[in-house]
Amino acid sequence: MKKILVTGSKGQLGSEIRKLEKVYPGFNFTYTDIEELDITKPGEVEAFFTQNQIDICINCAAHNGVDKAVDEPSFAFLLNTDAVENLAINCNKHNTLLVHFSTDYVFEGNNCLPYRETDLAIPQTVYGLSKLQGEEAAMKNSERAIVIRTSWLYSIYNHNFVKTILRLLSEKEQITVVNDQIGTPTFAGDLAKAILEILTKIEHKPVKEIYHYSNEGVASWYDFAVAIKEFSGLNCKVLPVETNQFPTKAIRPHYSVLNKTKIKTDFGIEIPYWRDSLKLVINELLTK
């Protein structure tokens, strides 16, 4: 039985992995968050790996506050870069496969075609740079590592765009959402399932790759919000605005759709369409 460590397990992705635990009886999961294991401290990470036999480490911990990273860059790099290096070094020492997650924000965002894994990463934000350097730390320090870039993650857990829009739709008569930033919403549950499916196929094969995963399809944040309104049945009006009418501390990529050909070809996984997954999540949130 493979022993899997899930760090940052209280977040969206970690919570969705926990829901799938019974579907994969061949895996023995250990879930940690900062209370059980502070991955920013090299000594703690080294001691944990020495005391526990870990076959696979799925690192779900991250500083995901795009605007907050502008105000606290040191913490963003500590969690998104230095902590990944701590994990990678110890994974390499113990022949543990590291699975780490990155973001569409590593790209400049000026493409007109979906980004491939080989496209040049030119992050425009502190957050994006900290995540890119985390990718580099994983690849440099571990001989067995998978980095998965994803985008616009949401679930029934924690704070995310879907839950925020649902709240605003129920409180206001109209809201405005930007319509000139294009990407793909990704249900964390779909990503969690894809990860575990991949892990059943890798065994002990040597692997050191970057992959892209998001749900299928393309949307603007406005499209995303309109779909949330449609599936929730709420009556609030949703109006489109341009990015320059909605200033933020950090630059958002105008186009960050990810090409998923590589992950589908290598592992034979099927990826759900974003609206289909969103409808399921909205139903679950409204019936909680």
Side-chain angles (χ1 to χ4, degrees), residues 1-9 11 13-14 16-18 20-21 23-33 36-62 79-103 106 116-118 121 130-150 191-213 258 260-269:
M1 180 176 285
K2 293 181 184 177
K3 295 185 178 180
I4 298 182
L5 168 65
V6 182
T7 57
S9 65
L13 190 53
E16 291 290 349
I17 290 172
R18 194 186 295 263
L20 293 170
E21 181 175 325
V23 181
Y24 296 88
F27 296 150
N28 181 13
F29 293 89
T30 296
Y31 301 96
T32 66
D33 217 288
E36 297 84 17
L37 174 62
D38 186 345
I39 62 173
T40 67
K41 297 180 178 178
E44 276 197 36
V45 177
E46 183 178 12
F48 190 94
F49 273 77
T50 301
Q51 296 164 12
N52 299 273
Q53 179 189 339
I54 304 296
D55 297 306
I56 301 164
C57 173
I58 304 177
N59 180 35
C60 300
L79 192 52
N80 291 344
T81 304
D82 298 347
V84 182
E85 181 176 350
N86 294 338
L87 289 172
I89 289 170
N90 284 279
C91 283
N92 197 54
K93 183 178 178 180
H94 294 275
N95 195 31
T96 301
L97 172 64
L98 173 63
V99 181
H100 176 65
F101 301 93
S102 190
T103 173
V106 301
R116 294 181 178 273
E117 291 83 353
T118 52
S130 71
K131 294 297 287 183
L132 178 61
Q133 291 187 4
E135 293 182 10
E136 293 167 348
M139 290 298 170
K140 177 183 176 182
N141 293 285
S142 182
E143 289 305 311
R144 299 184 68 227
I146 293 176
V147 171
I148 300 178
R149 294 172 178 152
T150 191
L191 176 55
K193 183 179 179 182
I195 296 157
L196 297 180
E197 284 296 316
I198 288 169
L199 294 180
T200 63
K201 298 173 182 179
I202 283 181
E203 299 297 330
H204 294 288
K205 297 174 186 176
V207 60
K208 197 173 185 178
E209 296 285 350
I210 294 176
Y211 289 99
H212 288 172
Y213 183 98
L258 300 174
K260 280 87 68 174
T261 300
K262 181 179 176 183
I263 199 168
K264 290 189 286 188
T265 300
D266 284 6
F267 300 109
I269 60 173

Enquirer: Under the side-chain hydrogen bond (donor to acceptor under 3.5 Å, both in side chains) test, which residues partner Ser130, sequence neighbours left out?
Expert: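 Ser130 satisfies side-chain hydrogen bond (donor to acceptor under 3.5 Å, both in side chains) with Asn80 only.
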Enquirer: Please give me the minimum heavy-atom distance between Ile269 and Ala194, naming the atom from each residue.
Expert: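 Looking at all heavy atoms of both residues, the closest pair is CD1-CB, 4.0 Å.
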Enquirer: What pair of heavy atoms forms the shortest contact from Asn90 to Asn86, and how long is it?
Expert: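 Heavy-atom minimum between the residues: ND2-O, 2.9 Å.
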Enquirer: Applying side chain to side chain contact (heavy atoms under 4.5 Å, CB included), can you list everything that pairs with Thr96, at least two apart in sequence or on another chain?
Expert: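 Once residues adjacent in sequence are excluded, the partners of Thr96 under the side chain to side chain contact (heavy atoms under 4.5 Å, CB included) criterion are Phe49, Ile54, Cys57, Cys91, His94.
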Enquirer: Could you list the residues that satisfy side-chain hydrogen bond (donor to acceptor under 3.5 Å, both in side chains) with Glu135, not counting sequence neighbours?
Expert: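 Per chain and number, Glu135 pairs via side-chain hydrogen bond (donor to acceptor under 3.5 Å, both in side chains) with Ser102, Arg149.
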Enquirer: Applying side-chain contact (heavy atoms from CB on, under 4.5 Å), run through Val84 and Asn59 and close with a yes or a no.
Expert: CA-CA 8 Å; Val84 182; Asn59 180 35; 4.0 Å; yes
Enquirer: Measuring only between side-chain heavy atoms, which start at C-beta, is Thr200 closer than 4.5 Å to Ile198?
Expert: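 No, every pair of side-chain atoms sits at 4.5 Å or beyond.
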Enquirer: Whether Arg18 engages the ring of Tyr31 as a cation-pi pair (distance to the six-membered ring centre under 6.0 angstrom, angle to the ring normal within 45°) should be assessed.
Expert: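 Yes; both conditions hold, so Arg18 lies above the ring face of Tyr31.
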Enquirer: Could I get the full list of side chain to side chain contact (heavy atoms under 4.5 Å, CB included) partners for Lys3, not counting sequence neighbours?
Expert: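 Lys3: side chain to side chain contact (heavy atoms under 4.5 Å, CB included) contacts with Asn28, Gln53, Asp55.
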Enquirer: Locate the shortest heavy-atom distance separating Val6 from Gly14; write the atom from each residue and the value.
Expert: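 Looking at all heavy atoms of both residues, the closest pair is CG1-CA, 4.3 Å.
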Enquirer: Test of understanding: with side-chain hydrogen bond (donor to acceptor under 3.5 Å, both in side chains), list the residues that count as partners of Lys260, not counting sequence neighbours.
Expert: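 Counting only residues at least two positions away or on another chain, Lys260 forms a side-chain hydrogen bond (donor to acceptor under 3.5 Å, both in side chains) with Ser214.
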Enquirer: Taking side-chain hydrogen bond (donor to acceptor under 3.5 Å, both in side chains) as the definition, give me every residue that meets it alongside Asp38, ordered by chain and number, with sequence neighbours left out.
Expert: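 Asp38 satisfies side-chain hydrogen bond (donor to acceptor under 3.5 Å, both in side chains) with Thr40 only.
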Enquirer: Could you report the tightest heavy-atom contact between Ala137 and Ala88, atom names first, then the distance?
Expert: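 Shortest heavy-atom separation between Ala137 and Ala88 comes out as O-CB, 3.8 Å.
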Enquirer: How long is the span from the CD1 atom in Ile195 to the SG atom in Cys60, to the nearest 0.5 Å?
Expert: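 Ile195 atom CD1 to Cys60 atom SG measures 6.5 Å (nearest 0.5 Å).
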Enquirer: May I ask you to decide if Phe101's main-chain N or O and Lys131's side chain share a donor-acceptor pair within less than 3.5 Å?
Expert: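 Yes: the side chain of Lys131 pairs with the backbone of Phe101.
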Enquirer: Quick check: do Ile4 and Leu199 have side-chain heavy atoms less than 4.5 Å from each other?
Expert: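 Yes, close enough: below the 4.5 Å cut-off.
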Enquirer: Run the numbers on Ile263 and His212 for side-chain contact (heavy atoms from CB on, under 4.5 Å), then give the verdict.
Expert: CA-CA 7 Å; Ile263 199 168; His212 288 172; over 6 Å; no
Enquirer: What's the spacing between Ile148 CD1 and Ile146 CD1 if we round to 0.5 Å?
Expert: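 Output value for this atom pair is 6.0 Å.
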Enquirer: Just wondering, are more than 12 heavy atoms of other shown residues or ligands nearer than 6.0 Å to NZ in Lys41?
Expert: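 Open.
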Enquirer: For Lys262, which residues count as a side chain to side chain contact (heavy atoms under 4.5 Å, CB included) partner, sequence neighbours excluded?
Expert: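 Lys262 satisfies side chain to side chain contact (heavy atoms under 4.5 Å, CB included) with Glu117, Glu209, Tyr211, Asp266 once adjacent residues are dropped.
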Enquirer: Side chains of Ile56 and Val99: closer than 4.5 Å at any heavy-atom pair?
Expert: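 Yes, their side chains come closer than 4.5 Å.
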Enquirer: Assess whether atom NZ of Lys208 is packed by more than 12 heavy atoms of other residues, nucleotides or ligands within 6.0 Å.
Expert: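 More than 12 heavy atoms, drawn from other residues, nucleotides or ligands, come within 6.0 Å of this atom.
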Enquirer: Report yes if the side chains of Phe27 and Leu196 come closer than 4.5 Å at any heavy-atom pair, otherwise no.
Expert: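 They are in side-chain contact.
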Enquirer: Could you tell me which residues satisfy salt bridge (charged side-chain N to carboxylate O under 4.0 Å, His left out) with Glu46, sequence neighbours excluded, listed by chain and number?
Expert: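 Testing Glu46 for salt bridge (charged side-chain N to carboxylate O under 4.0 Å, His left out), a comparison that skips the adjacent residues, returns Lys93.
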Enquirer: Tell me the closest heavy-atom pair linking Gly8 and Asp33, and the distance in Å.
Expert: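 For Gly8 and Asp33, the tightest heavy-atom pair comes out as C-OD2, 3.4 Å.
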Enquirer: Taking only residues two or more places apart in sequence, or in another chain, which ones meet Thr32 in a side chain to side chain contact (heavy atoms under 4.5 Å, CB included)?
Expert: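 In terms of side chain to side chain contact (heavy atoms under 4.5 Å, CB included), with neighbours along the sequence ignored, Thr32 is linked to Leu5, Thr7, Thr30, Glu36, Leu37, Phe48.
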Enquirer: Using the test ring pair (Phe, Tyr, Trp, His ring centres under 6.0 Å), find all partners of His100 that sit at least two apart in sequence or belong to another chain.
Expert: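 Testing His100 for ring pair (Phe, Tyr, Trp, His ring centres under 6.0 Å), a comparison that skips the adjacent residues, returns none.
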Enquirer: Rounded to the nearest 0.5 Å, what's the gap from CG on Leu20 to NZ on Lys193? Could you check?
Expert: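 That separation rounds to 8.0 Å.
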Enquirer: Please find the pair of heavy atoms, one from Thr81 and one from Gly134, that lie closest to each other, and give the distance.
Expert: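 What the structure gives for the nearest pair is OG1-N, 3.7 Å.
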Enquirer: About how many Å separate CG of Leu97 and OG of Ser142, when rounded to the nearest 0.5 Å?
Expert: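 With rounding to 0.5 Å, OG (Ser142) is 7.5 Å from CG (Leu97).
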Enquirer: Residues in salt bridge (charged side-chain N to carboxylate O under 4.0 Å, His left out) with Lys264, at least two apart?
Expert: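 Lys264 satisfies salt bridge (charged side-chain N to carboxylate O under 4.0 Å, His left out) with Glu216 only.
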Enquirer: With sequence neighbours excluded, what pairs up with Glu136 under the salt bridge (charged side-chain N to carboxylate O under 4.0 Å, His left out) test?
Expert: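 For Glu136, no residue satisfies salt bridge (charged side-chain N to carboxylate O under 4.0 Å, His left out) once neighbours in sequence are set aside.
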